[in-house]
Amino acid sequence: MAIQLFDSLSRSLQPLRTPDPADPQDLFTFYNCGPTVYAPAHIGNFRTFVVNDVLRRLIELEFGPGKVKHVRNLTDVDDKTIRRAREEGRPLAAVAKQWTDKFHADCDALNCLRPHLEPTATGHIREQVDMIDVLMQKGNAYRAADGSVYFKVSSFDNYGRLSRVKERELQPGSALAGKSQAADADEKEDATDFALWKAHKPDDGENAWDSPWGRGRPGWHIECSAMIKKHLGETIDLHTGGEDLLFPHHENEIAQSECCNGVTFARHWYHSKHLLVDGAKMSKSLGNLYTLDDLVAKGFSPMAVRYALLMGHPQKQLNFTLDSLHAAESALKHLRSYRDTLVQRAGNMTAKSSRLFDDVLAALHDDLNTPWALGELHEDTRVHKSDSIAPIHAAADLTSFDLVMFALGLDLRTPALKADIPPAITALAEKRWAAKQAKDFATADALRKEITAAGWSMLDRKDGYSLEPLKKT
RNA sequence: GGCGCGGUAGCCAAGUGGUAAGGCCGAGCUCUGCAAAAGCUCUAUGCGCCGGUUCAAUUCCGGCCCGCGCCUCCA
């Protein structure tokens, strides 16, 4: 079953290229534009990364784990990272390290597989300079008076194909009309040209490298082109990112790479749509910008966040709300309960997949339709749930279930909530359990009220109890 | 102004030219000292509004209203 994926360039559903199984050198090359490491990523960023992670998992299942090479960059030098370092009086590398580590921790919590390679912009200055050099020699770039190098948009006939903008003219009423134009407007031959190399400015501090055009630093777009060429080749199978990267970032990458290499840059372009929170674009001023930590602090599990991010079709804006997080948490509980039942029934038995959940995979193959996949998942668990299922069938269903849960990246083995239980609460719970065993129900009920008032929920079972924190909203 | 997307039950959200998946919430039930958990059942004669095409439209076409995104460094 081929993976069909919307392609931003042709604006149509296209199958992904299948690498030759007989040729060990033929890998599916997959590049995902990564984060700028200057602050914690927010859940909007993570929508893109989680969607890309499902895609990565699906490709692995489809072509085999060894048949895909997944690269995601880290932008560790740009205006924002430099500004942050300057404000904090720290070296750029220290800022980048801090937020790279945080990004990795968040990705791990969200159960995203690590890319096979995470190259950095500062680690590829040489490659970027080399590429700019070729563009200069071919006449696609020019050096301005201040030592910056710009790409000459008019030298590339196909410019604008991806974002469908033939020429970026500043329209009356456009977002730019009122503002002063870019700071480097005077240096550029044309307003649409963009920087390949930025001449050193005092604000850049020590963050500058030597180049044939003087000291400076690379422009934003060139890093991806250079790292892709080095690590994945001149033509890659799949290039992805958030919808905002369509223009100018990816448009510019195409221009640079195709002018430099003379071949098609990417066979397939995939952009996931943005996340809205409570129906609006996230912004600090609206107070609806969440990081993973913000949501964990509210009592939600990272896995519920992942589930919530998969509740909408990646090609459609998703309205993220705290209510959907509650829904996600509950849905996960039911899936966990379903799996526990299968595990119990299966005992030590193992079996080949029953293919019970194949329609979940089918939904994912159809343009990564995650909401449809989740719908099928629940439908299948409901229809086939049975306490009296034969062990051999339970084992087969379990294999099938775990396969699709791998594809979705939903890890049910981690507890829903991990919170430290205060000793005082444990003490109350112990007392109540003792009272209950002694059939002193009046005392037991009073203690339950105390525990609830303290923000905890005590769940009785036949052989004991568990404590869960009440949700905060 | 340019390019694009969407309006489906209280909330989130799939989907189809032939009469509306799924999740959450809610209600009822089973179980249970209590409370939960878990399980079962139920919950849109309706898919923004108005026309058109059609035997048949939520699904196609046109118009309108509303919301949203991008437009030089925001995933």
Side-chain angles (χ1 to χ4, degrees), chain A residues 11 32-36 41-52 75 78-80 160 163-166 168-177 181-182 184-185 191-195 198 219-221 240-249 251-252 271-276 279-283 307-308 311-313 315-335 337-338 340-341 363 369-382 385 387 436 439-442 444-445 448-449 451-452 457-462 465-466 468:
Chain A
R11 299 202 178 191
N32 172 17
C33 274
T36 302
H42 54 67
I43 50 167
N45 298 314
F46 283 121
R47 179 187 200 194
T48 297
F49 296 125
V50 164
V51 164
N52 274 274
T75 298
D78 78 324
D79 291 349
K80 295 190 296 292
S163 56
R164 292 223 172 162
V165 188
K166 196 60 187 167
R168 302 298 302 184
E169 291 183 31
L170 303 182
Q171 299 286 346
S174 82
L176 283 173
Q181 294 172 14
D184 53 5
T192 62
D193 294 345
F194 57 90
K198 304 175 85 149
W220 174 36
H221 315 295
T240 70
E243 61 171 325
D244 56 301
L245 296 183
L246 245 138
F247 186 87
H249 188 50
E251 196 71 74
N252 293 351
H271 295 89
S272 41
K273 291 286 195 292
H274 276 178
L275 187 71
L276 303 177
K281 186 184 179 181
M282 281 185 296
S283 72
Y307 188 105
M311 279 166 57
H313 192 123
Q315 287 301 309
K316 200 175 154 187
Q317 288 174 346
L318 170 66
N319 189 18
F320 185 92
T321 65
L322 255 31
D323 277 348
S324 34
L325 258 185
H326 277 116
E329 201 83 76
S330 298
L332 279 173
K333 269 187 173 178
H334 293 146
L335 293 175
S337 156
Y338 169 77
D340 288 346
T341 304
N369 194 330
T370 51
W372 183 20
L374 292 174
E376 295 293 348
L377 181 66
H378 286 282
E379 176 75 5
D380 290 341
T381 61
R382 188 173 58 76
K385 179 155 38 192
D387 288 337
K436 181 186 167 175
K439 303 234 184 272
D440 178 2
F441 295 126
D445 288 350
R448 174 184 288 289
K449 277 186 181 168
I451 291 166
T452 305
S457 168
M458 183 167 175
L459 309 178
D460 289 4
R461 286 192 311 270
K462 279 188 177 147
Y465 63 88
S466 61
E468 283 185 7

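By convention in this document, chain letters (A, B, ...) are assigned in the order of the sequence lines, proteins followed by strands, and residues within each chain are numbered from 1.
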Nucleotide B:G69, atom P - distance to CZ of A:R47 in whole Å: 14 Å
For atom CG of A:L275 and atom P of B:C5, their distance in whole Å: 20 Å
Nearest non-hydrogen partners of A:C33 and A:L245, listed with the distance: CB-CD1, 3.5 Å
Nucleotide B:C68, atom P - distance to CD of A:E243 in whole Å: 15 Å
Ring centroids of A:H313 and B:A14 base under 5.5 Å with planes under 30°: no
B/S/- contact track for nucleotides 21-34 of chain B, protein heavy atom under 4.0 Å: BSSSS-------BB
Protein-nucleotides 7-10 of chain B N/O pairs under 3.5 Å:
none

Rounded distance in Å between the P positions of B:G28 and B:G67: 39 Å
With A:N32 via side chain to side chain donor-acceptor pair (under 3.5 Å) - residues at least two apart: A:T240
Stems where RNA chain B pairs, listed by first number, each of three or more Watson-Crick or G-U pairs under 3.5 Å: B:1-7 with B:65-71, B:10-12 with B:22-24, B:26-30 with B:38-42, B:48-52 with B:60-64
Under 3.5 Å: donor-acceptor pair, side chain of A:R47, backbone of A:K273: yes
Rounded distance in Å - CZ (A:F247) to C1' (B:A75): 17 Å
Selected nucleotide, minimal atom distance to A:T48 side chain, candidates B:A38, B:A75, B:G4: B:A75
Sequence-distant partners of A:F441, ring pair (Phe, Tyr, Trp, His ring centres under 6.0 Å), two or more places apart: none
Whole angstrom value for the distance that separates P of B:G69 from NE2 of A:H249: 22 Å
Closest nucleotide among B:A38, B:C11, B:C3 to the A:S337 side chain: B:A38
A:D79 CG - B:U72 P separation (whole Å): 15 Å
Rounded distance (Å) that lies between atom P of B:U72 and atom CD of A:E251: 13 Å
Sugar-phosphate only, base, or nothing, as touched by A:N252 at under 4.0 Å among non-hydrogen atoms: nothing
Contacts of A:F194 that satisfy ring pair (Phe, Tyr, Trp, His ring centres under 6.0 Å) - sequence neighbours left out: A:F151, A:H221
Rounded distance in Å between the C1' positions of B:G51 and B:C3: 28 Å
Pairwise C1' distance, B:A75 and B:C66 [rounded to whole Å]: 27 Å
Full working for side chain to side chain contact (heavy atoms under 4.5 Å, CB included) between A:L275 and A:H42: CA-CA 10 Å; A:L275 187 71; A:H42 54 67; over 6 Å; no
Pairwise C1' distance, B:A38 and B:C50 [rounded to whole Å]: 50 Å
Expected output: side-chain A:S330 to main-chain A:H326 donor-acceptor under 3.5 Å: yes
Side chain to side chain contact (heavy atoms under 4.5 Å, CB included) between A:E243 and A:Q317, intermediate numbers included: CA-CA 10 Å; A:E243 61 171 325; A:Q317 288 174 346; 4.3 Å; yes
A:P248, nearest nucleotide to its side chain (from B:U72, B:G39, B:G69): B:U72
Separation between the C1' atoms of B:G62 and B:U53, rounded to whole Å: 11 Å
Span that lies between the P atom of B:G63 and that of B:C68, in whole angstrom: 22 Å
B:G69 and B:A27, which share atom name P, separated by this distance in whole Å: 36 Å
A:E376 side-chain N/O to A:P371 backbone N/O, donor-acceptor pair under 3.5 Å: no
Whichever of A:F194 and A:G312 has its nearest RNA chain B nucleotide further upstream toward 5': A:G312
Expected output: side-chain A:N319 to main-chain A:G279 donor-acceptor under 3.5 Å: yes
Nucleotide of B:G4, B:A75, B:G69 approaching A:K281 most closely (side-chain heavy atoms): B:G69
Closest non-hydrogen atom pair between A:A308 and A:L325, with its separation: CB-CD2, 4.0 Å
B:G15 to B:A20 separation - C1' atoms, rounded to the nearest Å: 8 Å
Touch class at under 4.0 angstrom, heavy-atom based, for A:L377 against every strand present: nothing
Length of the line joining A:H221:NE2 and B:U72:C1', which is rounded to integer Å: 6 Å
N or O in side chain of A:N319 less than 4.0 angstrom from B:C12 OP1/OP2: yes
Full working for side chain to side chain contact (heavy atoms under 4.5 Å, CB included) between A:E251 and A:L246: CA-CA 6 Å; A:E251 196 71 74; A:L246 245 138; 6.0 Å; no
Worked check of side chain to side chain contact (heavy atoms under 4.5 Å, CB included) between A:H378 and A:L335: CA-CA 8 Å; A:H378 286 282; A:L335 293 175; 3.9 Å; yes
Under 3.5 Å: donor-acceptor pair, side chain of A:T75, backbone of A:G34: no
